[in-house]
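Below you'll find the structure, written out as structure tokens, and then a few comments.
Atoms within a ligand are numbered from 1 in the order they appear, just like the ligands themselves.
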Amino acid sequence: MKSIAVLGSTGSIGTQTLDIVDRFPDKLQVKLLSASKLSDKLLAQIQKYKPEYVYLPKKEDIKGVNLLYGEDGLKEMADLCIDLFVNGIAGINGIKPTYLLLKAGKRLATANKEAVICLGEVVGDRYNGIIPIDSEHSAIFQGLKAGDKKEVKRIILTASGGPFWNRENLDGVSVEEALNHPKWKMGKKVSIDSATMMNKGLEIIEAHYLFGIPYDRIEAVIHPQSYVHGVVEFVDGSMIAHISPTDMRIPIGYALSYPDRWEIYQKTANLWEYGKLEFYQPDEERFPLLKLAKQCGEMGGAYPTVLTVADEMAVEMFLKGRIGFNDIYKVVKGVVEAVDFPPPKTFEDIMEIIKGTKAVFNKVVSVF
Ligand code: MG
């Protein structure tokens, strides 16, 4: 029996993690649930999974569990004896728990790419034991097992291209259109990031930190069918591709079962049902956030964090109807060009960069 903690339990990754717990009640036991706030959904989960602990940012009245809350509660959580912490928190809110869990040497499976990116410069050397949940990174994680790291020539992350990869004019795109991802069922933030292709930019940076591979050996390719999730190319010319149905429960399930494999997907996926698999070079002119993300990754220092924070805020503004779809790039670029933070050396430095970026963002966005 593996005990697990599900952080972000009411979100997209969290609920799909619990789907897998339902399938394997003899293998997985939920020991802790955590969400950003108390909700009926969380209460229903508490009733169903009966976790020993619940973590919430604020104190609440919940019966029958040990409630951990606030800053102290977060530290207590990171000290709990739990076999695997699943981080399904969306966005930069996941930074502190990720940092504390890594510092405490806990086994972590994470879908929280923003935290991986922002903490990369400071605790990237502790990323070795992380099991990635992001589908592309799960694919690369598995592909890397086919050879030695020094034999890796390139890693290739696939991108569905989102809803607009072959649409010429992106002026006046509505929130509904941008949220309408053709292949994946995901949270709002990552759906918008997929539509701008920022998601792939962030994933390149995430891959750099997770696998310690230099940027000139990480590539993105558009693959609209989304059956190939990632490819590891070795020096002998062999390319090991990970192919699976487009279902997040597969990478989540792998993270939960690792190093074993369980029968996560019961149907037989016939290759002929996939039909044609297409691959295209991404157009960085039409998706300039992809290019900007790569530049920020290569600049390193504070830039990956600045990019991540600015994008999260810009996406929120877009979802609220405050700025247009194409403004997301303009605002993020404006912020990246306006900042000048020294490279972070500590966790506190990262928090300062986040604070500073938010201030610069508010200034930049005020003229939109
Ligand atoms: Mg992904």
Do [X] and [Y] meet the criterion of a side-chain donor-acceptor pair at a distance under 3.5 Å?
X: S160; Y: H223; value: no
X: E114; Y: T308; value: no
X: Y55; Y: E76; value: no

Indicate, with yes or no, if I204 and I156 share a hydrophobic cluster defined by side-chain heavy-atom contacts under 4.5 Å among Ile, Leu, Val, Met, Phe, Trp and Tyr.
no
So salt bridge (charged side-chain N to carboxylate O under 4.0 Å, His left out) across residues 299-319, not counting sequence neighbours, yields K189-D311, E316-K320
Taking 2.8 Å as the strict upper bound, the Mg ion (ligand 1) has protein N, O or S neighbours numbering 3
Checklist entry - Between E71 and K75, does at least one N-O distance fall below 4.0 Å, as a salt bridge requires? => result no
